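So the structure is just underneath, and the comments pick up after that.
Note that ligands are numbered from 1 as they come in the structure, with each ligand's atoms numbered from 1 the same way. Quick caveat: nothing in here was measured; it's all calculated off a predicted structure.
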Amino acid sequence: MPLAVRPGILDIAPYVGGEAGLAGQKKVIRLASNENPLGPSPAAVEAYRGLATELHRYPDGGAQVLREAIGRRFGLDPARVVCGAGSDELIALIMRAYAGPGDEVLYSRHGFLMYPIAAMSVGATPVAAPETNLAADVDALLAAVTPRTRIVFLANPNNPTGSYLPGEEVARLRNGLREDILLVIDAAYAEYVTRNDYDSGAALVDAGDNVVMTRTFSKIYGLAALRLGWAYCPASVADVIHRVRGPFNVGAPAQAAGVAALGDLAHVDQARLHNARWLVWFSQQVAALGLTAAPSVGNFVLLRFPSDSGRNADAAHAFLNARGIIPRKMGAYGLGDSLRITIGLESDMKAVVAALGDFVGERT
Ligand SMILES: Cc1ncc(COP(=O)(O)O)c(C=O)c1O
């Protein structure tokens, strides 16, 4: 008799991360995973190294120093901050605690792929609401709510579309949801946003008992390898997540590097400024090539290609790969006509624009 897997698990299409290398190419330009091209803060690297001789010790399971540093940096109550092995782990823990078979988990059509995956892994049903112009649509989300809805996930800004909802719209979403529905605002890219009407969601968390905001050290802090994220929660939700998480779910080097990264404001500013500059430049350059770039407030751009073979996204992907450039394919998001390109170093962006110019030029 084969082992019995819980219903629904084998329906999950496993998450495929961005490629790190290309066969036969020594030097590649990695623009597939929205990583910080400037790397981590030197202070974070030093803190990480500082723990090299302490690897036999368990970490602080309560991540107290890190939670206090997060609290100070963002003006939040550290007692309601829960740390995790990347925000991915927090998404999974929230799902495990609040949804199960028979429940629905709502997200927007091109929301982050881990929402449906995590929902299915607990036996819940993921429900995708339609979007308007590749952005979450509050009315469509509210219209998709049913008596079975337990959690609504909103990536703000959203990956892979780069779109965002103004704070007022997020509040309208919360106000339109039943009180027994948890709203999770995934603000993984919050630090990159330079719009006045954007709000990461912390105030909404404080305003009630049913909003959680998740954040990550994988993006602007440049610590993706360490797997470090956090959630800001109502006290009751923090209590629940602590019950289901592993006792030592965040390693000591990650905690130490996170504290140091939070202290290096200049590094974060530099990364934000770099991104703002090259995001605008890249978007203008690709538009001049006749490609459609979705407006983005994150550190990546979703580029749409024509549908005819030879000029489509797959052909562009192969062409860029041949030049040692790794963008992200978007088929898993139902955006097979698009590629997502992370904002890299100046030289990376110039190489991508030159390659895309040749790709478009050779085909007109
Ligand atoms: C919207 C969003 N949320 C969460 C994550 C997960 O980040 P991590 O688990 O590295 O913190 C990502 C990573 O790409 C993301 O794009």
Considering Thr214, Leu90, Asn158, Asp186, which one's heavy-atom position lies nearest to atom 2 (C) of ligand 1?
-> Asp186

With a 4.0 Å heavy-atom cut-off (strictly under), which part of Tyr189 contacts ligand 1: side chain, backbone, both or neither?
-> side chain

Which of parallel (below 30°), tilted (30 to 60°) and perpendicular (above 60°) describes Tyr164 and Tyr198?
-> perpendicular

Atoms of ligand 1 close to Ala188 [distance to a heavy atom under 4.0 angstrom, numbered from 1] = 2 (C), 3 (N)

Which one holds for Glu89 and ligand 1: side chain close, backbone close, both close, or neither close, with close meaning a heavy atom under 4.0 Å?
-> neither

May I ask you to identify the nearest protein heavy atom to atom 14 (O) of ligand 1, giving residue, atom name and distance to one decimal place in Å?
-> Lys219 NZ, 3.0 Å

Out of curiosity, Leu345 CG to Ile29 CD1, how far, rounded to the nearest 0.5 Å?
-> 8.5 Å

Basic-acidic side-chain contact under 4.0 Å: Asp358, Arg323 = yes

Of Phe300, Phe112, Tyr221, the one forming a ring pair (Phe, Tyr, Trp, His ring centres under 6.0 Å) with Tyr189 is Phe300

Tell me which protein heavy atom sits closest to atom 6 (C) of ligand 1, plus the residue, atom name and distance to 0.1 Å.
-> Asp88 OD1, 3.2 Å

Donor-acceptor pair between Arg215 and Tyr232 side chains, under 3.5 angstrom = no

For atom 12 (C) of ligand 1, what's the nearest protein heavy atom and its distance?
-> Phe112 CZ, 3.4 Å

Enumerate the atoms of ligand 1 whose separation from the nearest heavy atom of Thr216 is less than 4.0 angstrom.
-> 8 (P), 10 (O), 11 (O)

Is a salt bridge present between Glu346 and Lys350, judged by a nitrogen-to-oxygen distance below 4.0 Å?
-> yes

Any Asp337 side-chain heavy atom under 4.5 Å of Asn312 side chain | no

Give a yes/no verdict on whether any heavy atom in Asn34 is under 4.0 Å from an atom of ligand 1.
-> no

So which bit of Ser87 gets within less than 4.0 Å of ligand 1, heavy atoms only: side chain, backbone, both or neither?
-> both

Could you say whether the N/O atoms of Tyr15 and ligand 1 ever approach to under 3.5 Å?
-> no

N or O pair under 3.5 Å between Asn159 and ligand 1 | yes

Closest protein heavy atom to atom 10 (O) of ligand 1, given as residue, atom name and distance to 0.1 Å | Ser218 OG, 2.6 Å

Could you state the interatomic distance from CZ (Arg272) to CD (Glu191), rounded to the nearest 0.5 Å?
-> 7.5 Å

Please work out whether any backbone atom (N, CA, C, O) or any side-chain heavy atom from C-beta onward of Arg227 is under 4.0 Å from ligand 1, and answer side chain, backbone, both or neither.
-> side chain

Any chance the rings of Tyr107 and Phe153 have centres within less than 6.0 Å?
-> no

